[in-house]
Colleague: 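To start, I am sharing the structure in question, which I have written as structure tokens.
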Amino acid sequence: MAANQTTFVKLLVFLVYGFLWLSCQPAEAAIKKYQFDIQVANVSRLCHAKPMVTVNGRFPGPTIYAREGDRVQINVTNHAQYNMSIHWHGLKQYRNGWADGPAYITQCPIKTGNSYVYDFNVTGQRGTLWWHAHILWLRATVYGAIVILPSQGTPFPFPQPDREEVIVLGEWWNADVEQVENQGNALGIPPNMSDAHTINGKPGPLFPCSEKYTFAMEVEKGKTYLLRIVNAALNDELFFTVANHTLTVVEIDAVYTKPFSTETILIAPGQTTNVLVRANQIPGRYFMAARPFMDAPVPVDNKTATAIFQYKGIPETVIPKLPNLPAPNDTEFALSYDKKLRSLNSPKYPANVPLKVDRNLFYTIGLGINACPTCINGTRFSASLNNISFVMPQTALLQAHYFNIKGVYTTDFPDKPPTAFNYTGAPLTANLRTTQGTRLSKIAFNSTVELVIQDTNLLTVESHPFHLHGYNFFVVGTGIGNFDPKKDPAKYNLIDPPERNTVGVPTGGWTAIRFRADNPGVWFFHCHLELHTGWGLKTAFVVEDGPGSDHNVLPPPKDLPQC
């Protein structure tokens, strides 16, 4: 009997320790599979119905959910009349540019009737990102959020919210967006601006025919909510606020920040921001609102999109409270808000800022006017970096790089502009010998890069949000006026600068970023104002392979689209 009891106890101890051992093992990475059908659907807003390109008939498209460490496979089947490609904005795609998505940069587009599987791992990233079409202006309607949860058992480095909500800010045109773009290009002028901004695809009750096109979020008093906010607008930086409530910023571009409180956030096209909001006001209905920020003499759609932050049990007959937003041209707010953004820089989430720089780059932004005999004014707008207006190739750059196809691009993009001048002084109308070409910059593997992006007053100063594919970078400095290489680096934040994938260059100013070039491949770098990208405000980096096969670009998938 005693022997049986001893055997039972040993078995019990074995089972307990076995359970504890298994529970301590890292959870096996899952494979998350999605089907994206690119299809035309009839959508109605602002008393206008129109057929438009969507994913799975939804506007916005579906949210991708994954966990840090997961593998994601998204089969995109194109049933629409346009060629298609989709970019997974902010995902680093280490060695795997084939899954990055920009048409003619890392892949040829998916033609009508064809499919392509975007297959990638989510490594070392968690937070809110997003996806969108990366060809023509199709991202006006083809977009959605990406939510990457922390690895199993890993808490947020901020108070656990009671619930989460995805908030995607966008734009709406009553007309067909591709026709709007084509008309602008044919006339040589900026295309017509949007007719409304939207929150989760809906403009809100300040617009006509919007009774059922208003997003509402029900909340309970005393609870805390995590809002995952994406700016998917084509051309507008946006203020966002919740009337009478305080927002606590905890993450930008899927990187944790030092928390700070604000009444309003500012978010540029391509950026994401996570905020905590506590439902601690008198129960009622409160407007969430989004409206453009523009501090340059450039026309924008300045209408306000609204949604409703609605306390549980409050009838819909109660009129929502309106928020106080900053003035549309409030430069002081924009600059002070950006200064508050700091990386968390904790032991678990360090800010590994490159302190030594191997390669210094200085890029100037230029807007210009070129002759166009068929255009309405005899001219056409253009844009350039370092006086080079980028020409899109007909063969994908990554394919040309990987297979050593000659004649597609050159690697002689200059490290600095050919002509130095008073960049932000009196307005200039000259193009300063702007040229066109598919010129890239070659970067040595694992080298550290500092890039200063300088706005100029060629035609006009303006804020520009720049996005770098395949990387995050640290925003080590920013300022108004001309960058001073002798004085300004001394003011850099090299301790806890914000880490992003998209950064706004201030109107009439400059921004300095740093990154380590440890991801081989061809990576697009462009203004995320779709208007300017189409005019040529873009280039790409060729990051060379590193030593050993585990630092080389992966072989392409078998179903890679061909041009």
Colleague: Can you name the closest pair of heavy atoms from Tyr492 and Ala512 and give their distance?
Modeller: OH-CB, 3.5 Å
Colleague: Which word best sums up how the rings of Tyr256 and Tyr349 line up, parallel for under 30°, tilted for 30 to 60°, or perpendicular for over 60°?
Modeller: perpendicular
Colleague: Just checking Tyr423 against Phe362, ring centres under 6.0 Å apart?
Modeller: yes
Colleague: Measuring centre to centre across the rings, with the benzene-like ring taken for any Trp, is Trp88 within less than 6.0 Å of Tyr118?
Modeller: yes
Colleague: For the residue pair Val475 and Arg500, establish whether any side-chain heavy-atom pair is separated by less than 4.5 Å.
Modeller: yes
Colleague: Assess the pair Phe474 and Phe515: is the distance between their ring centroids shorter than 6.0 Å?
Modeller: no
Colleague: Does some side-chain heavy atom of Leu234 sit less than 4.5 Å from a side-chain heavy atom of Arg139?
Modeller: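 Counting from C-beta outward, Arg139 and Leu234 do come under 4.5 Å.
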Colleague: Between Tyr402 and Trp98, is the gap from one ring center to the other below 6.0 Å?
Modeller: yes
Colleague: Ignoring hydrogens and geometry, is there a side-chain-to-backbone donor-acceptor pair from Glu171 to Ala140 under 3.5 Å?
Modeller: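 No; zero donor-acceptor contacts below 3.5 Å.
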Colleague: Kindly indicate, with the supporting measurements, whether the criterion side-chain contact (heavy atoms from CB on, under 4.5 Å) is fulfilled by Thr511 and Val452.
Modeller: CA-CA 6 Å; Thr511 293; Val452 176; over 6 Å; no
Colleague: Establish, yes or no, whether a centroid distance under 6.0 Å links the rings of Trp535 and Phe381.
Modeller: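 So the answer is yes for these two rings.
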Colleague: Take Leu266 and Leu238 through the side-chain contact (heavy atoms from CB on, under 4.5 Å) test and state the conclusion after the steps.
Modeller: CA-CA 6 Å; Leu266 178 61; Leu238 296 169; 6.0 Å; no
Colleague: For Asp253 and Asn472, which I'm curious about, is there any donor-acceptor pair between the side chains at under 3.5 Å?
Modeller: no
Colleague: Ignoring hydrogens and geometry, is there a side-chain-to-backbone donor-acceptor pair from Arg439 to Asp412 under 3.5 Å?
Modeller: yes
Colleague: Any side-chain heavy-atom pair from Leu169 and His197 closer than 4.5 angstrom?
Modeller: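 A side-chain contact under 4.5 Å is absent here.
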Colleague: Does the pair Arg359/Glu450 count as a salt bridge with the N-to-O cut at 4.0 Å?
Modeller: no
Colleague: Below 30° counts as parallel, above 60° as perpendicular, anything between as tilted: where do the rings of Phe525 and Phe541 land?
Modeller: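 Rings of Phe525 and Phe541: tilted, as their planes differ by 30° to 60°.
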Colleague: Report the relative orientation of the aromatic rings in His469 and His87; use parallel for angles under 30°, tilted for 30 to 60°, perpendicular for over 60°.
Modeller: parallel
Colleague: Do Phe524 and His134 have their ring centres less than 6.0 Å from each other?
Modeller: yes
Colleague: Is a side-chain N or O of Lys442 found less than 3.5 angstrom from the main chain of Val542, in a donor-acceptor match?
Modeller: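 Flag not set: sc Lys442 to bb Val542 has no pair under 3.5 Å.
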Colleague: Find out whether Val147 and Ile64 are in side-chain contact, i.e. whether some heavy atom of one side chain is under 4.5 Å from a heavy atom of the other.
Modeller: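 A side-chain contact is absent here, since even the closest heavy-atom pair is not under 4.5 Å.
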Colleague: What closest approach, in Å, do Glu237 and Ser463 show between heavy atoms, and which atom pair accounts for it?
Modeller: OE2-OG, 2.6 Å
Colleague: So, Gln107 side chain and Ala396 main chain: donor-acceptor pair closer than 3.5 Å or not?
Modeller: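 It does not hold such a pair.
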Colleague: So do Ile199 and Ile167 actually touch side chain to side chain, heavy atoms under 4.5 Å?
Modeller: yes
Colleague: Check the side chains of Asn457 and Thr424 for a donor-acceptor pair under 3.5 angstrom, ignoring hydrogens and angles.
Modeller: no
Colleague: Less than 4.0 angstrom from a charged side-chain N to a carboxylate O is my criterion; do Asp518 and Arg516 meet it?
Modeller: no
Colleague: Please determine whether a side-chain nitrogen of the Lys or Arg among Lys356 and Asp358 lies less than 4.0 Å from a carboxylate oxygen of the Asp or Glu.
Modeller: yes
Colleague: How about His526 and His532: are their ring centres within less than 6.0 Å of each other?
Modeller: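 Ring centroids of His526 and His532 are no less than 6.0 Å from each other.
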Colleague: Using side-chain heavy atoms (C-beta onward) and a distance below 4.5 Å, is Ile365 in contact with Leu537?
Modeller: yes
Colleague: Evaluate the side-chain proximity of Leu385 to Phe413: yes if any heavy-atom separation is below 4.5 Å, no if none is.
Modeller: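 Yes, at least one pair of side-chain atoms sits under 4.5 Å.
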Colleague: Any donor-acceptor pair under 3.5 Å linking the side chain of Gln179 with the backbone of Asp176?
Modeller: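 Side chain of Gln179 to backbone of Asp176: no pair is present.
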Colleague: For Asn377 and Thr379, does a side-chain donor sit closer than 3.5 Å to a side-chain acceptor?
Modeller: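 There is no such pair between these side chains.
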Colleague: I want to check something: taking the side chain as every heavy atom from C-beta on, are Asp496 and Lys258 in contact at a cut-off of under 4.5 Å?
Modeller: yes
Colleague: Does Thr395 reach the main-chain N or O of Cys563 with its side chain, forming a donor-acceptor pair under 3.5 Å?
Modeller: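 Side chain of Thr395 to backbone of Cys563, a donor-acceptor pair under 3.5 Å: no, none is there.
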Colleague: Would Asp550 and Arg95 pass as an ion pair if we require N to O under 4.0 Å?
Modeller: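 Here Asp550 does not pair with Arg95 in a salt bridge, since their nearest N and O are not under 4.0 Å apart.
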Colleague: Any chance the side chains of Asn231 and Gln271 put a donor and an acceptor closer than 3.5 Å?
Modeller: no
Colleague: For Thr106 and Asp100, does a side-chain donor sit closer than 3.5 Å to a side-chain acceptor?
Modeller: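 Thr106 vs Asp100: no donor-acceptor pair found between side chains.
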Colleague: Do Glu251 side-chain atoms and Thr128 backbone N/O form a donor-acceptor pair below 3.5 Å?
Modeller: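 Yes; judged by distance alone, with no hydrogens or angles, the pair exists.
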Colleague: Please check: side-chain N/O of Glu499 versus main-chain N/O of Ser343, any donor-acceptor pairing under 3.5 Å?
Modeller: no
Colleague: Donor-acceptor pair, Ser389 side chain versus Ala383 backbone, under 3.5 Å?
Modeller: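 Checking the backbone N and O of Ala383 against the side chain of Ser389, a donor-acceptor pair under 3.5 Å is found.
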Colleague: In terms of side-chain heavy atoms, does His89 have a donor or acceptor partner in Asn501 at a distance below 3.5 Å?
Modeller: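 Short answer, yes.
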Colleague: Apply the test side-chain contact (heavy atoms from CB on, under 4.5 Å) to residues Lys92 and Tyr471: give CA-CA distance (whole Å), side-chain angles for both, the deciding distance (0.1 Å), then the verdict.
Modeller: CA-CA 5 Å; Lys92 295 179 184 177; Tyr471 288 90; over 6 Å; no
Colleague: Step by step, would you call Asp484 with Lys486 a salt bridge (charged side-chain N to carboxylate O under 4.0 Å, His left out)?
Modeller: CA-CA 5 Å; Asp484 187 331; Lys486 294 181 179 178; over 6 Å; no
Colleague: Does any N or O in the side chain of Thr262 come within less than 3.5 Å of the main-chain N or O of Thr264, such that one atom is a donor and the other an acceptor?
Modeller: yes
Colleague: So does Ile495 have more than 12 non-hydrogen atoms from other groups sitting under 6.0 Å from CD1?
Modeller: no
